[in-house]
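When reading the values below, keep in mind they use all heavy atoms of this one structure, side chains included, and skip hydrogens, waters and symmetry mates.
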There are 2 protein chains.
Amino acid sequence: MPVSKSAVGKPLRPARKDPPPADPTHEAGELAMGELAELLGYALKRAQLRVFEDFLHSVAPVQLTPAQFSVLLLLDANPGRNQTEIATTLGILRPNFVAMLDALESRGLCVRTRSPSDRRSHILMLTDKGRATLARAKKLVATQHEARLVELIGEDNRTALLAMLAKIAREF
Amino acid sequence: MPVSKSAVGKPLRPARKDPPPADPTHEAGELAMGELAELLGYALKRAQLRVFEDFLHSVAPVQLTPAQFSVLLLLDANPGRNQTEIATTLGILRPNFVAMLDALESRGLCVRTRSPSDRRSHILMLTDKGRATLARAKKLVATQHEARLVELIGEDNRTALLAMLAKIAREF
DNA sequence: TATTGTTATACTCTATAACTATA
DNA sequence: TATAGTTATAGAGTATAACAATA
């Protein structure tokens with residue numbers, strides 16, 4: 001779950017003779033973030049948690065987590081691939097992908113079929129229901145989730161943000 | 001003011017519908033990322049994992065996790081606060097903060113002392129060793145971790161990125 | 001009665017080893 | 001021998017309930 005915001009008290013009195021040098025928020029109620037505000041990892045984590053939370057809420061009508069949505073997207077873009085290929089592309093370890101697929105398949109969103117050429121591997125494909133669910137989820141993401149983000153930071157910044165994050169994930 | 005785009009730039013045209021970037025990587029070996037490349041949450045998660053991984057490596061000499069580093073930073077900026085205040089500010093639940101503090105205190109980096117005014121609460125303070133460790137960690141973060149990031153995306157983009165992430169965490 | 005720190009607990013994620021059936 | 005899917009399991013991270021001491 002998210003981060004609970006404690007609406008803690010307000011400054012009760014001026015207190016100091018001299019104004020605080022650096023951090024302005026230090027008046028016995030609010031804590032000073034200090035150099036935490038400069039830590040990229042911290043900002044990344046907090047933003048990611050918030051974005052996932054909003055994603056979950058936006059896409060609630062189709063009951064898909066961010067991870068499940070990413071699987072459906074990848075299956076749609078790469079029909080006929082096996083579990084190892086899909087899982088590793090998403091950074092999911094093969095053992096952990098099994099339960100994920102079980103959940104999606106039991107909901108009738110995708111199917112595993114043994115490959116005729118290599119009977120060890122399971123070919124993955126979206127079902128019609130899977131495609132319909134994905135389409136509905138995409139619309140919710142676009143009209144609710146991403147729309148709100150663009151409203152907040154603007155289309156240009158969203159594009160720039162995405163490019164920077166992808167570059168960091170790829171090259172850092 | 002918008003963000004200087006490093007490499008990837010989209011033509012700003014009022015096109016009717018954004019035609020997918022026509023995934024070029026589809027040669028039976030590489031999987032197509034499809035619309036996954038447009039998902040902010042996905043990019044955020046991947047970047048965050050990578051940044052945390054690099055943080056851990058950069059700061060390995062002082063054996064601090066990102067979460068532990070954030071606690072030390074906050075204790076340094078807010079001496080004399082209690083566990084609840086520090087924990088909630090960091091988005092850590094009080095029960096989960098106990099083991100974290102145990103680890104830091106057992107390493108002699110901080111101390112809990114009962115507040116004389118309210119004997120229920122534990123006043124937290126960094127020890128000299130804690131301050132020394134934090135100083136060493138800060139230097140490692142600056143010279144290794146953040147330095148590499150700035151080298152990758154540039155100082156201006158780092159500032160803009162930080163501002164956008166903070167805004168998302170705060171207002172999204 | 002309410003709050004602080006704490007314990008216990010549970011659920012999700014993630015990570016590794018090892019099994020099976022195929023190759 | 002090696003690989004794909006699977007099982008079991010262990011460890012983090014995160015969530016809630018409840019208790020003792022204190023207010």
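- Rounded to whole Å, the distance from CZ on A:R114 to P on C:dT20 is 15 Å.
- Between A:H122 atom NE2 and D:dA4 atom P there is a gap of 12 Å when expressed in whole angstrom units.
- For the OP1/OP2 pair of D:dA4 and a distance below 4.0 Å, the side-chain nitrogens and oxygens of A:S115 include no atom meeting the criterion.
- At whole-Å resolution of the value, CZ in A:R46 and C1' in D:dT14 are 14 Å apart.
- For A:R119 against C:dT22, a side-chain-to-base donor-acceptor contact under 3.5 Å is absent.
- Remark: B:K45 is in phosphate contact with C:dT14, judged by side-chain N or O atoms under 4.0 Å from OP1 or OP2.
- Rounded to an integer number of Å, the gap from CG of A:L101 to C1' of D:dG5 is 10 Å.
- Between D:dG5 and A:T84, a contact under 4.0 Å exists linking OP1 or OP2 to a side-chain N or O.
- Contacts of A:R94 with the nucleic acid, taken as non-hydrogen atoms under 4.0 Å apart, include base atoms.
- Side-chain N or O atoms of B:Q48 include none that pairs as donor or acceptor with a backbone N or O of A:Q48 at under 3.5 Å.
- Nucleic acid contact class of B:N96 (heavy atoms, under 4.0 Å, all strands): base.
- Sequence order on DNA chain D of the closest nucleotides to A:L124 and B:P116 puts A:L124 first from the 5' end.
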What's the verdict on side chain to side chain contact (heavy atoms under 4.5 Å, CB included) for A:D76 and A:R131, showing C-alpha distance, side-chain angles and the deciding distance? CA-CA 8 Å; A:D76 192 45; A:R131 267 179 292 271; 4.0 Å; yes
Determine, stepwise, if the pair B:F172 / A:H145 fulfils side chain to side chain contact (heavy atoms under 4.5 Å, CB included). CA-CA 10 Å; B:F172 188 49; A:H145 184 64; 4.0 Å; yes
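- A sub-4.0 Å separation between OP1 or OP2 of D:dT6 and a side-chain N or O of A:R112 is present.
- Nucleotides of DNA chain C nearest to A:D118 and A:L93 differ in position, and the one nearer the 5' end is that of A:L93.
- Using modelled atom types and a 3.5 Å distance limit, the side chains of A:D102 and A:S106 yield no donor-acceptor pair.
- The distance from atom CD1 of B:I86 to atom P of C:dG5 is 10 Å, rounded to the nearest whole Å.
- Rounded to whole Å, the distance from CD on A:E85 to C1' on D:dG5 is 13 Å.
- Position along DNA chain C of the nearest nucleotide to A:P95 versus A:R120 favours A:P95 as the more 5'-ward residue.
- In terms of heavy-atom proximity, A:L161 sits nearest to B:L161 at CD1-CD1, 3.4 Å.
- Across the protein-nucleic acid pair, A:Q83 atom CD and D:dT3 atom P stand 17 Å apart, rounded to whole Å.
- Summarising the geometry, the separation between CD on A:E105 and P on D:dG5 is reported as 12 Å, rounded to the nearest angstrom.
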